[in-house]
Amino acid sequence: MQGNFTYHNPTKLVFGKDALDGLAAELAQYGPRVQLAYGGGSIKKTGLYDRVIAILREAGKEVFEDAGVMPNPTVEKLREGAAIARDNDVDLILAVGGGSVVDYAKAVGVSAHCEEDPWEKYYLRMEEPECRIVPVGCILTMAGTGSEMNGGAVITNHDSKLKIGHVFANPEVFPRFAILNPELTYTVPKYQMIAGIFDIMSHLMEQYFSGVDDSTSDYLMEGLMRSLVQASRAAVANPTDYEARSNIMWTATWALNTLVAKGKATDWEVHMIGQAIGAYTDATHGMTLSAVSPAYYRHIMPHGLEKFARFARTVWEVSVEGRTPEELAAAGIDALEAWMREIGCVMSVAELGVTDDMLEGIADATFIMEGGYKVLAREDVLSILRASK
Ligand code: NZQ
């Protein structure tokens with residue numbers, strides 16, 4: 001391990017079939033005014049909304065509704081939510097939903113008492129909050145983003161065609177608690193479940209394909225990837241397989257709760273391309289990553305050959321017999337691609353609504369990261385997008 005680091009994760013997790021039973025004890029830590037943030041209505045259909053409202057009422061909370069958080073939450077919705085929090089001086093924001101709702105709640109939490117416009121301050125200038133931060137708790141209904149145990153909050157600005165993630169360093173931005181019941185994910189539509197699964201794989205690969213030293217973090221990620229591949233196959237075959245859904249949920253949390261990045265460089269270029277595609281198309285996040293990943297990894301593979309060969313061996317159990325390092329590395333990406341097709345990932349940007357006239361704009365909207373095996377130029381981004389059509 002080469003890097004110096006401090007590791008501190010303040011989120012308390014309550015996991016399992018009975019996790020919701022832990023909500024009342026968490027609510028007791030906060031004042032009476034609770035902003036209830038949720039999405040487009042899935043929690044009403046599943047009955048979760050009624051269960052949560054009953055627990056809130058039992059706990060004597062006054063509830064301020066904040067419905068309609070859309071997938072890929074927008075800056076307009078963020079401003080609306082910040083006004084609800086500020087005007088009602090809420091003590092806690094309770095996010096009930098997937099990564100979009102949890103990200104949104106964190107962004108609202110840092111914006112409610114901030115004098116400046118949140119888009120300018122947190123997303124264009126990437127500043128940390130100086131104002132009072134409203135605490136966030138969450139009940140997660142979909143696995144993928146890791147938002148339940150990290151400081152990330154991704155917001156989309158359709159006017160400027162930018163989708164930007166701010167990974168807040170301040171531990172007060174992380175959810176204070178996260179209720180994780182894998183059974184709540186049974187009703188996630190198959191397309192969203194697969195997008196979430198690929199989001200997890202992408203988080204792991206973004207952190208794995210970097211660095212040249214022997215790092216415990218890489219071994220942890222290999223284990224998480226193997227578990228994910230196994231669980232994804234079982235969940236696709238049977239969405240109510242508790243073992244599979246619980247492993248997927250747990251893997252998602254560990255893939256992006258900041259642990260496996262410790263002591264090493266990380267890449268994140270696939271997420272930058274995916275976010276730019278999202279800004280142009282509003283496509284489902286995990287599928288924006290899947291559509292470009294095979295082309296991206298084939299593009300950078302010659303610059304990190306040893307790690308790609310190790311990926312083939314350890315994650316996909318590709319035999320080294322009779323293969324050159326180049327052939328082994330390539331076979332690993334072939335195995336990744338075969339698994340993606342098998343579970344039903346989107347494999348082309350065209351399927352997400354990307355048209356030829358968007359490619360230049362998407363390349364312009366792609367932030368360039370410097371931690372991976374190759375620092376891309378704009379032309380590289382364009383050629384990856386063209387190879388992903
Ligand atoms: O809005 P509702 O009605 O709840 O429906 C949602 C939404 O339509 C539905 N859904 C969620 N749980 C469900 C369910 N439907 C039925 N039953 C359930 N139990 O699924 C749809 C997608 O939900 P969403 O929250 O958008 O998905 P996800 O968890 O993938 O979150 C995506 C957002 O997170 C950001 C993405 O960019 C995107 O904006 N990310 C956040 C990260 C972080 N904080 O670290 C990292 C990620 O890579 C990602 O960038």
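All ligand and atom numbering here is 1-based and tracks the order in the structure. Start at 1 with the first residue, then count along the sequence.
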(request) Give me the ring orientation class for Y297 and F209: parallel if the planes are under 30° apart, tilted from 30 to 60°, perpendicular past 60°. (result) tilted
(message) For Y30 and K61, which I'm curious about, is there any donor-acceptor pair between the side chains at under 3.5 Å?
(response) no
(request) Output the distance between atom CZ (F308) and atom NE2 (H303), rounded to the nearest 0.5 Å. (result) 10.0 Å
(message) Heavy-atom contacts with ligand 1 below 4.0 Å: which residues, ordered by chain and residue number?
(response) G39, G40, G41, S42, P71, N72, P73, G98, G99, S100, D103, T141, M142, T145, S147, N150, G152, V154, K163, L184, T187, V188, P189, Q192, D199, H203, L256, H271, H285
(request) Give me the one residue out of E115, H166, E130 that meets side chain to side chain donor-acceptor pair (under 3.5 Å) with K121. (result) E130
(request) Would you list the pairs meeting ring-ring contact (aromatic ring centres under 6.0 Å, His included) in which at least one residue belongs to residues 128-156, sequence neighbours left out? (result) none
(request) For D66 and Q35, test the side chains for any donor-to-acceptor distance below 3.5 angstrom and give the result as yes or no. (result) yes
